[in-house]
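Structure, as structure tokens:
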Amino acid sequence: MSSGALLEVRNLESYYGPVMALRGVSLDVPEGSVVTVLGANGAGKTTLLRTISGVLDPEKGSVALAGEAIAGVDPDVIVTRGVVHVPEGREVFPLLSVASNLRLGAYTRSDDAIEDDLGLVLGYFPVLKERLAQPAGTLSGGEQQMLVIGRALMARPRIMLLDEPSLGLSPRLVSAILATVRRLNREQGVSMLLVEQNARQALDIADYGYVLELGRVVLDGPADRLRQSADIREFYLGGQAAGGRGERRWKRRKTWR
Amino acid sequence: MEILQLTVSGLANGCIYGLIALGFVLIYKATEQVNFAQGDMMMLGAFLAVGLGNADWLGMPFLVACAGAVAGMAAVGWSMERLVLRRIFGQSQVTVVILTIALGFVLRFVAGLVWGHEPLSLENPLAGSNARFAGLVLGLDEVAVIVVTLLLTGLLFVFFNRSRLGIAMQASSQNQLAAYYMGIPVRRIHGLTWALAGAIAAIAGILFATKGSIDPSAGLLGIKAFAAAVIGGFGSLPGALLGGLLVGLSEPFAARFIAAGYSQIIPYALLIVVLLLRPQGLFSQVMGKKV
């Protein structure tokens with residue numbers, strides 16, 4: 001059943017409290033690619049990432065990184081294997097300086113390239129350079145989002161799990177941040193699993209996409225094909241089939257049900 | 001002159017309150033648990049030093065006994081977290097409060113069984129000697145308390161701001177979830193925080209016992225230290241120390257200038273005033289989360 005992908009998720013079932021949030025999800029993230037998972041609130045996107053990064057234990061199913069099973073392993077061990085999770089909501093350490101926040105990203109590492117990587121991160125996010133000594137809690141929302149992505153990069157991950165980096169940011173900032181994500185993927189070779197509600201912009205930078213609904217994958221395909229799909233356009237991109245009000249007298253149904 | 005002497009003895013007491021308060025705050029910040037056994041840990045630390053150092057007991061050299069007591073209390077703190085508190089992780093605050101109060105009772109009875117209920121004093125090289133300068137007579141023990149607290153504060157400051165482990169401890173107390181995601185072993189850090197709180201309690205106990213005598217109910221001092229921690233802003237380490245100093249200073253002055261009997265009320269009156277005027281405490285570090 002192995003597909004040779006870097007991250008393989010198979011038939012994952014997971015509970016969020018009493019709610020069964022994942023009802024058998026399978027997906028692949030090939031090495032070096034950007035894969036996006038789209039879905040509305042409550043589709044199970046965050047639960048999926050939490051289960052992969054080891055914060056939640058799956059009820060059933062498997063997660064494998066480069067062929068090695070990691071489901072149910074403690075999160076600190078999973079980070080050392082090369083999976084780092086950037087949680088939604090910009091979880092910085094508010095009273096610590098930006099520099100300390102970044103160095104904490106490398107907590108599991110003990111090599112001496114950490115300072116070089118700090119320079120690398122600041123190269124990608126030059127705004128942070130001016131703010132190194134400032135407490136992270138005083139940064140703006142966009143800067144905090146850059147900080148958490150930079151902090152995750154400090155762990156030198158093989159794959160980054162990004163949970164809604166666009167949440168609550170202006171459209172311009174969202175494009176800038178997603179463009180940086182794509183650059184990190186190309187230039188640093190970090191594979192990305194990007195969870196988004198902002199389908200249009202996520203599909204713009206992704207290679208492949210999955211649509212999650214109520215804990216199931218209902219549709220998947222290469223990003224450019226998903227962008228063209230009538231269903232995706234209708235329900236996630238906010239587009240409307242030709243013709244305006246009055247001509248259309250039916251409510252379009254999703255064809256994947 | 002009198003004012004100065006009252007100040008020194010107030011500061012010395014305040015340092016001890018401050019150190020116990022520091023233990024409260026350390027554990028609270030790291031684990032969001034309030035450890036009401038902190039005062040009793042202080043008491044047990046003092047008794048460990050007595051048991052190791054006093055001539056009637058093991059008779060070790062004073063500094064060796066102190067080091068032993070500090071290491072012993074670090075082990076006690078660590079095991080309390082490991083064996084008891086970790087099992088109720090995620091339960092409500094009330095559960096934790098009742099459990100730690102009960103643990104305090106256990107420590108008190110253990111101390112009573114081993115060392116008896118009569119007050120004991122810790123034999124130490126400073127007992128009874130005075131330092132004189134500028135016409136001031138200061139008990140060396142009081143001076144030592146202040147000096148040791150200052151040194152310890154400096155050490156803790158360096159530890160929390162410079163060392164990898166210290167910064168990781170701060171990080172996991174500020175945002176436990178993010179610490180998890182960064183691969184910081186949060187549970188191990190909880191255990192280490194309890195060990196640190198135990199070690200600090202032992203130092204507070206040793207200082208307390210060099211100034212006077214110790215008996216198993218000395219842990220009730222913890223209540224005053226709790227008031228100090230709240231006054232300082234529960235959740236701020238410097239606040240805890242300063243709150244302790246404030247409470248400590250208020251006592252001798254109240255005893256000197258206010259009618260006898262009323263002076264005991266002062267720390268709690270202070271607590272009520274602070275809670276009414278500045279409910280987050282005097283030196284709290286709160287930062288609203290940006291959305």
Side-chain angles (χ1 to χ4, degrees), chain A residues 49-50 52-56 73-97 99-110 114 135-145 147-148 151-152 154-157 160-161 163 167-169, chain B residues 25-26 28-32 86 89-92 156-193 232-240 280-281 283-291:
Chain A
L49 294 194
R50 285 189 177 169
I52 296 172
S53 64
V55 175
L56 290 177
V73 175
D74 275 346
D76 45 318
V77 179
I78 290 185
V79 173
T80 59
R81 300 266 177 90
V83 180
V84 57
H85 184 163
V86 182
E88 97 190 286
R90 305 189 279 282
E91 302 284 351
V92 298
F93 302 116
L95 300 169
L96 291 176
S97 70
S100 290
N101 267 272
L102 287 173
R103 289 210 177 85
L104 277 164
Y107 187 81
T108 54
R109 290 170 55 186
S110 51
I114 293 176
T138 62
L139 298 185
S140 73
E143 289 162 347
Q144 288 187 352
Q145 186 61 52
L147 176 60
V148 293
R151 189 179 63 187
M154 290 295 290
R156 275 283 165 189
M160 214 184 261
L161 314 177
D163 198 350
L167 195 74
L169 298 183
Chain B
V25 172
L26 263 179
Y28 178 72
K29 280 190 76 162
T31 64
E32 293 185 6
R86 193 171 289 187
F89 190 73
Q91 300 287 329
S92 74
L156 285 173
F157 181 83
V158 172
F159 171 72
F160 276 114
N161 288 293
R162 293 280 175 274
S163 80
R164 198 168 106 98
L165 183 63
I167 291 175
M169 277 183 171
Q170 281 199 61
S172 69
S173 86
Q174 286 172 24
N175 193 335
Q176 194 166 316
L177 189 70
Y180 253 124
Y181 288 132
M182 288 303 101
I184 295 170
V186 174
R187 287 197 198 122
R188 197 184 314 153
I189 280 186
H190 286 179
L192 290 175
T193 308
F234 223 92
S236 150
L237 297 180
Q280 73 273 37
F283 311 95
S284 62
Q285 296 174 299
V286 256
M287 191 165 281
K289 190 173 160 170
K290 280 218 172 72
V291 185

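Chain letters run A, B, ... following the sequence lines, proteins first and then strands; every chain starts at 1.
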### Message
What's the separation between atom OG in Ser173(B) and atom CG in Leu95(A), rounded to the nearest 0.5 Å?
### Response
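Reported to 0.5 Å precision, the distance equals 8.0 Å.
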### Message
To the closest 0.5 Å, what do you measure between CG (Asp76(A)) and CZ (Arg187(B))?
### Response
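So the gap between those two atoms works out to 9.0 Å.
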### Arg109(A), part contacting chain B, at a heavy-atom distance under 4.5 Å
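For Arg109(A), backbone heavy atoms alone lie under 4.5 Å from chain B.
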### Task
Select one option (side chain, backbone, both, neither) describing which atoms of Val83(A) are under 4.5 Å from chain B's heavy atoms.
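When you check distances to chain B, no heavy atom of Val83(A) falls under 4.5 Å.
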### Task
Please examine the side chains of Met182(B) and Val84(A), heavy atoms only from C-beta on, and report whether any two atoms are closer than 4.5 Å.
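Touching, per the 4.5 Å side-chain cut-off.
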### Flag side-chain contact, heavy atom, 4.5 Å: Tyr181(B) against Ile78(A)
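A side-chain contact under 4.5 Å is absent here.
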### Query
Side chain, backbone, both or neither: which part of Ile184(B) has a non-hydrogen atom closer than 4.5 Å to chain A?
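Both parts, backbone and side chain.
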### Query
Given the options Arg103(A), His85(A), Met154(A), which has more heavy-atom pairs under 4.5 Å with chain B than any of the others?
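Among Arg103(A), His85(A), Met154(A), the one with the most close pairs to chain B is His85(A).
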### Query
So which of Leu96(A), Leu169(A), Leu161(A) has the biggest tally of heavy-atom pairs under 4.5 Å with chain B?
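Most pairs with chain B among the choices: Leu96(A).
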### Query
Just wondering, more than 12 heavy atoms not from Phe157(B) lying within 6.0 Å of its CZ?
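Not more than 12 within 6.0 Å, no.
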### Within 6.0 angstrom of Arg164(B) CZ, more than 12 heavy atoms from elsewhere
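For Arg164(B), atom CZ is crowded (more than 12 foreign heavy atoms under 6.0 Å).
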### Query
Which pair of non-hydrogen atoms, one from Thr108(A) and one from Gly183(B), has the smallest distance, and what is that distance?
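Reported closest heavy-atom pair: CG2-O, 3.5 Å.
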### Query
Which atoms form the tightest heavy-atom contact between Glu91(A) and Ala178(B), and what is the distance?
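Scanning both residues, the minimum pair turns out to be O-CB, 3.3 Å.
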### Query
Between the side chain of Asn175(B) and the main-chain N/O of Phe93(A), is any donor-acceptor distance below 3.5 Å?
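Pair absent, no side-chain N/O of Asn175(B) close to backbone of Phe93(A).
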### Task
Kindly determine whether Asp74(A) and Tyr180(B) satisfy side-chain contact (heavy atoms from CB on, under 4.5 Å), including the steps that lead there.
CA-CA 9 Å; Asp74(A) 275 346; Tyr180(B) 253 124; over 6 Å; no
